[in-house]
Amino acid sequence: MDMDVIAGAVLLMGGAGILLGVVIALFARFFKTPSDARVDLVLELLPGANCGGCGKAGCADFARSVVSGENPPSRCPVSSVEQVNAIAMALGITAGTQGRKRAVVRCGGDTLQVADKVNYNGVADCVTASLVTGGPKGCRYGCLGLGSCVNVCPFGAIEIVNNLALVHRELCVGCGKCVDVCPRGVISLVNAEAEVHVYCNSPEKAPEKRKVCKVGCIGCRKCAKYAPDKFTIEGFLASVNYEAQVLPVREDLDNIKCPTGALLSAEEHHYIEKHNPAWEKSEK
């Protein structure tokens, strides 16, 4: 190719690039939206996690919503009380009240407690496995244990132990990303003060549950009879009333004596999965 042609093409492209840069600079100068100092201040006071737990796209979007009055500062699940109060004081607004939330995986069906599907050789992702093969476990309502929740948690608050997702309460801030990604709806955001949970998500009748899981809730109603204000029963599944004025505590479990071990404190649940996954209620 003629060198003059090449040189002309290079000059033409270079000139076009310079012209385009000038046009962009002019647009940026004349159509620039002035920044709001209040938004910048709120953004500086926020933790900067960009987790989306507030329902916004990120911290900058949330900061704008606080300044506009759409959300109170307390809507950020990651901010400490001190940070929330600092934002409220800086803007001269009310901090707002929003109870802290933490995630709980409502399933106790680990590798040794729940029946496996025969010769499962599917994908190692909860969302895909749920759509394609239904996953490796016999219970169609329980935790698949393939780690989709682990992958999306920005705080490293979830790990997979014995093919079961465990939430580390001290790390969880209640951003809700794990809730959104779980295809089985096993994970819930609950009152952060709750220390007792029903580790079962299956609405099936007791005989059907027992076929696939040793630790499922059989709907015996012992918990609801003992403390009707602290527990609710829907069909064949018990659950903690996280809106109760007084939440159930570890001492309540000794009186209820859940026959399957579906009702446990978070501390007991963690200990079992970490140290004795083959545990059965009859051992206690």
Side-chain angles (χ1 to χ4, degrees), residues 103-153 156-169 172 177-188 190 196-220 223 234-240 253 258-284:
V104 59
V105 179
R106 295 175 291 112
C107 180
D110 61 35
T111 304
L112 299 178
Q113 302 288 7
V114 70
D116 291 334
K117 286 185 177 178
V118 179
N119 297 325
Y120 176 79
N121 192 27
V123 293
D125 172 75
C126 297
V127 177
T128 308
S130 180
L131 293 172
V132 178
T133 64
K137 296 181 179 179
C139 177
R140 56 197 179 101
Y141 298 97
C143 172
L144 289 163
L146 298 174
S148 292
C149 54
V150 175
N151 295 333
V152 300
C153 179
I158 308 177
E159 69 170 322
I160 301 298
V161 180
N162 307 315
N163 279 18
L164 182 67
L166 290 183
V167 177
H168 291 277
R169 300 174 76 240
C172 177
K177 282 187 174 293
C178 57
V179 177
D180 295 335
V181 79
C182 179
R184 291 281 179 85
V186 179
I187 310 177
S188 299
V190 303
V196 170
H197 309 285
V198 176
Y199 289 98
C200 181
N201 185 50
S202 173
E204 299 277 9
K205 294 181 179 180
E208 297 302 315
K209 291 179 186 178
R210 298 299 284 175
K211 289 179 183 178
V212 296
C213 184
K214 298 176 183 178
V215 294
C217 170
I218 58 175
C220 69
C223 55
E234 185 173 347
F236 302 94
L237 181 62
S239 61
V240 173
L253 305 184
C258 174
T260 65
L263 181 62
L264 293 169
S265 69
E267 183 179 356
E268 286 176 315
H269 180 57
H270 263 255
Y271 181 85
I272 288 169
E273 295 306 329
K274 287 285 192 178
H275 304 286
N276 189 20
W279 170 91
E280 291 188 29
K281 181 64 177 180
S282 58
E283 298 177 7
K284 296 193 72 177

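Note that the structure is predicted; figures quoted are calculated from it, not measured. Note that these values count all heavy atoms, side chains included, but never hydrogens, waters or copies made by symmetry.
Looking at heavy atoms from C-beta onward, T260 lies in side-chain contact with R210 at the 4.5 angstrom threshold. Within the 4.5 Å cutoff, no side-chain heavy atoms of N162 are placed close to those of L112. C220 has its side chain within reach of P259: a pair of non-hydrogen atoms, C-beta onward, lies under 4.5 Å apart. S239 is not listed as a side-chain neighbour of E234, based on a closest heavy-atom distance of 4.5 Å or more. Looking at L237 and C200, their side chains come closer than 4.5 Å, going by heavy atoms from C-beta outward. Annotation: side chain of C178 is not in contact with side chain of V105 (no heavy-atom distance under 4.5 Å). Side-chain contact check for H269 versus L166: some heavy-atom pair is nearer than 4.5 Å. A 4.5 Å side-chain heavy-atom check between L146 and D125 finds every atom pair outside the cut-off.
A side-chain donor-acceptor contact under 3.5 Å links K137 to the backbone of G109. Side chain of H275 to backbone of H270: no donor-acceptor contact under 3.5 angstrom is found. Distance alone, capped at 3.5 Å, places no donor-acceptor pair between the R184 side chain and the C143 backbone. In this structure a side-chain-to-backbone donor-acceptor pair under 3.5 Å is present from K209 to F236. No donor-acceptor distance shorter than 3.5 angstrom exists from the side chain of R169 to the backbone of E267, with no hydrogens or angles considered. Between the side chain of Q113 and the backbone N or O of W279, at least one donor-acceptor pair lies under 3.5 Å.
L144 pairs with exactly one of C126, C182, C139, C149 by the side chain to side chain contact (heavy atoms under 4.5 Å, CB included) rule, that one being C126. Among the candidates I187, L164, V114, the single residue satisfying the side chain to side chain contact (heavy atoms under 4.5 Å, CB included) test with C107 is L164. The one candidate from V240, V186, V190, V198 that meets the side chain to side chain contact (heavy atoms under 4.5 Å, CB included) condition with V104 is V190.
Note: S202 OG to R106 CZ = 11.0 Å, rounded to the nearest 0.5 Å.
In this structure, the salt bridge (charged side-chain N to carboxylate O under 4.0 Å, His left out) partners of E204, at least two apart in sequence or on a different chain, are R140.
Classified by interplanar angle (parallel below 30°, tilted 30° to 60°, perpendicular above 60°), the ring pair Y199/H197 is perpendicular.
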